[in-house]
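It should be emphasised that the depicted structure is a prediction, and the values quoted were computed from it without experimental measurement.
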Amino acid sequence: METQWPSNPRSFPKILHPLLLILKPLVQFFMLLWYLCVKIPKPDVFIVQNPPSVPTLVAVKLASWIRRSAFIIDWHNFGYTLLALSLGRNSRFVALYHWIEKHFGKMANGSLCVTKAMQHELSQNWGISATVLYDQPPDFFQPASLEEKHKLFCGIDKSLRTPYSLQDCLSNEVLTPDDDNPNVTLFTTQTGTDISLKWNRPALIVSSTSWTPDEDFSILLEAALMYDRRVSALLNEDDLKREDVFWQEIKGGKQYPRLLFIITGKGPEKEKYEHKMAKLNLKRVAFRTMWLEPEDYPLLLGSADLGVCLHTSSSGLDLPMKVVDMFGCGLPVCAVSYSCINELVEVDKNGLLFSSSSELADQFVTLFKGFPGECDELKSLRQGVLASRSSVNWATEWEANAKPLISKVIFDNSS
């Protein structure tokens with residue numbers, strides 16, 4: 001059951017907003033307590049993911065006491081740091097939230113957490129001993145086969161050829177009679193039963209975002225613009241060249257490919273950035289946003305050449321699940337650098353880290369030079385992802401770390 005700290009409804013008078021901030025968690029608390037104490041059979045242990053912290057930790061602790069069950073918290077982040085993004089660190093509600101989270105967190109019989117950095121924070125500043133349990137992707141996040149890639153691209157090909165502005169490097173792909181062939185996409189061609197990847201296909205880069213202020217999407221837009229300009233300078237391109245000749249040359253590759261960024265997700269700032277994308281005058285970069293069916297998202301990750309993660313942790317202590325999913329699909333990643341991201345992204349092994357748009361643009365230039373056949377650094381990162389993917393999975397991580405803790409907590413609680 002998901003609970004969230006409420007935002008201020010505009011339809012209510014401003015004077016009632018503090019009351020609503022208190023009332024909504026109280027209603028959620030009693031609903032959750034009824035479910036945990038009455039609607040479900042008595043469990044040996046309650047395992048609750050945090051955040052959300054309020055009223056979840058309070059309700060689960062009370063339910064565990066009433067039903068004489070053990071209580072384990074799975075720390076994925078800190079709820080008070082997420083609340084502070086909207087209310088500010090100095091808010092009294094944030095201070096109260098922090099106190100509740102810490103007080104009831106210490107009352108748990110055991111704790112799991114997602115990073116060694118969070119384990120250290122819980123131990124040193126919260127008085128909580130936690131076992132590290134790294135997130136692993138579900139089994140359906142797998143590298144896509146050539147047949148799966150072709151089927152996916154056939155389904156989204158029309159959307160990919162439709163630009164936000166008047167034209168871009170993908171809408172000008174329509175240059176041959178084969179464009180009306182349903183078995184020909186921007187990336188693949190099928191002849192009979194044989195499917196092949198096009199030698200001059202764009203490089204496909206995927207990023208998933210919630211389109212919120214804590215993920216600065218402007219970094220990616222600026223990096224794309226820099227890639228476009230730097231490659232143009234490296235190739236000494238003539239800006240006065242006839243347009244039809246220029247687009248044909250772009251399609252031909254010339255050492256550096258066109259880049260297609262597919263951005264997935266929904267959120268409040270999506271429309272704002274789509275307007276910005278439409279105004280970009282880019283020669284060899286195109287952006288598309290889309291919302292995919294759940295079964296198609298793993299296929300997109302498994303069909304891409306690179307992932308980009310703009311996630312910055314509110315606490316600096318959690319890891320982006322979107323990168324975990326990308327690794328499950330064998331996809332190397334360029335990720336924003338922050339305090340503990342190196343627990344997931346190992347530089348030059350399964351991905352790269354960047355701190356600025358310029359640094360990300362440099363990584364695009366380096367990784368995609370010679371694409372698709374001669375980009376050795378990109379191929380090396382993909383091999384690193386596949387190697388680490390085969391050595392660890394959810395079952396082994398659970399058996400090694402979570403199961404012993406749960407068994408111990410249940411035994412101690414029953415003694």
Side-chain angles (χ1 to χ4, degrees), residues 1-9 11-12 16-87 91-114 118 122 126-131 133 135 138 210 212 266 294 313-315 317-318 321 398 402-403 405-410 412-414:
M1 180 180 294
E2 182 179 352
T3 58
Q4 296 181 344
W5 195 269
S7 58
N8 292 339
S11 57
F12 287 87
L16 295 179
H17 290 171
L19 179 61
L20 293 173
L21 284 173
I22 298 171
L23 182 60
K24 185 173 180 180
L26 284 174
V27 173
Q28 292 173 328
F29 170 78
F30 287 111
M31 290 177 62
L32 186 57
L33 194 64
W34 167 259
Y35 186 86
L36 295 176
C37 291
V38 179
K39 298 291 288 184
I40 64 172
K42 175 185 177 299
D44 293 323
V45 59
F46 287 105
I47 303 178
V48 57
Q49 180 175 304
N50 183 73
S53 312
V54 178
T56 313
L57 296 186
V58 183
V60 176
K61 175 56 190 174
L62 182 55
S64 69
W65 177 74
I66 292 173
R67 308 201 73 174
R68 301 182 185 275
S69 300
F71 172 32
I72 292 176
I73 299 176
D74 182 12
W75 298 84
H76 277 236
N77 201 351
F78 295 127
Y80 82 95
T81 62
L82 291 171
L83 183 62
L85 292 176
S86 57
L87 298 184
S91 167
R92 293 181 180 179
F93 283 109
V94 172
L96 176 61
Y97 199 107
H98 185 193
W99 182 87
I100 294 173
E101 188 172 24
K102 185 174 182 178
H103 180 74
F104 285 90
K106 293 170 70 172
M107 297 175 73
N109 301 102
S111 289
L112 299 164
C113 64
V114 292
M118 185 176 289
L122 286 169
W126 294 55
I128 294 172
S129 176
T131 299
L133 177 67
D135 278 323
S210 55
T212 50
K266 294 181 179 179
S313 168
S314 64
S315 65
L317 300 171
D318 73 315
M321 190 64 198
W398 180 268
K403 189 175 179 179
L405 174 67
I406 294 170
S407 298
K408 179 180 183 302
V409 164
I410 292 174
D412 291 345
N413 189 65
S414 62

Test side chain to side chain contact (heavy atoms under 4.5 Å, CB included) applied to Ile72 and Ile406, step by step
CA-CA 8 Å; Ile72 292 176; Ile406 294 170; 3.8 Å; yes
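Checked against salt bridge (charged side-chain N to carboxylate O under 4.0 Å, His left out), Lys403 has the following partners two or more places apart in sequence or in another chain: Glu399. In this structure Ser91 satisfies the side-chain contact (heavy atoms from CB on, under 4.5 Å) test together with Leu87, Phe93, Val94, sequence neighbours excluded. Under the side chain to side chain donor-acceptor pair (under 3.5 Å) criterion, Asp135 pairs with no residue, sequence neighbours left out. Listed by chain and residue number, Leu112, Trp394, Glu397, Trp398, Asn401, Ala402 satisfy the side-chain contact (heavy atoms from CB on, under 4.5 Å) test with Leu133 (two or more places apart in sequence, or in another chain). Partners of Lys408 under the side-chain contact (heavy atoms from CB on, under 4.5 Å) rule, at least two apart in sequence or in another chain, are Asp412. In this structure Lys39 satisfies the side-chain contact (heavy atoms from CB on, under 4.5 Å) test together with Trp34, Tyr35, sequence neighbours excluded.
Nearest approach of Gly105 to Ile73, heavy atoms of both residues: CA-CD1, 3.6 Å. Of all heavy-atom pairs between Cys37 and Ile66, the closest is SG-CD1, 4.0 Å. Across all non-hydrogen atoms, the minimal contact from Glu101 to Gly79 is OE2-N, 2.6 Å. Scanning both residues, Ser314 and Leu85, for their nearest heavy atoms gives CB-CD1, 4.0 Å. Shown here for Ser315 and Phe78, the closest heavy-atom pair between the two residues is CB-CD1, 4.0 Å. The two residues Arg67 and Ile40 come nearest to each other via the heavy atoms NH1-O, 2.7 Å.
A donor-acceptor distance shorter than 3.5 angstrom exists from the side chain of Asn413 to the backbone of Arg68, with no hydrogens or angles considered. Between the Ser69 side chain and the Phe46 main chain, no donor and acceptor come within less than 3.5 Å of each other.
Expressed to the nearest 0.5 Å, how far OH of Tyr80 lies from OG of Ser53 amounts to 10.5 Å. Rounded to the nearest 0.5 angstrom, Gln49 CD and His76 NE2 are separated by 4.0 Å. In this structure, OG in Ser64 is found 6.5 Å from CG in Asn109, a value given to the nearest 0.5 Å. Rounded to the nearest 0.5 angstrom, Leu122 CG and Ile128 CD1 are separated by 5.5 Å. In this structure, CZ on Phe104 lies 8.5 Å from CG on Leu62, to the nearest 0.5 angstrom. Annotation: the span from His98 atom NE2 to Leu83 atom CG amounts to 12.0 Å, rounded to 0.5 Å.
Put simply, the side chain of Val60 reaches to within 4.5 Å of the side chain of Leu36, judged on heavy atoms. Residues Leu317 and Trp75 have side chains not in contact (no heavy-atom distance under 4.5 Å, counting atoms from C-beta outward). Thr56 is not listed as a side-chain neighbour of Asn50, based on a closest heavy-atom distance of 4.5 Å or more.
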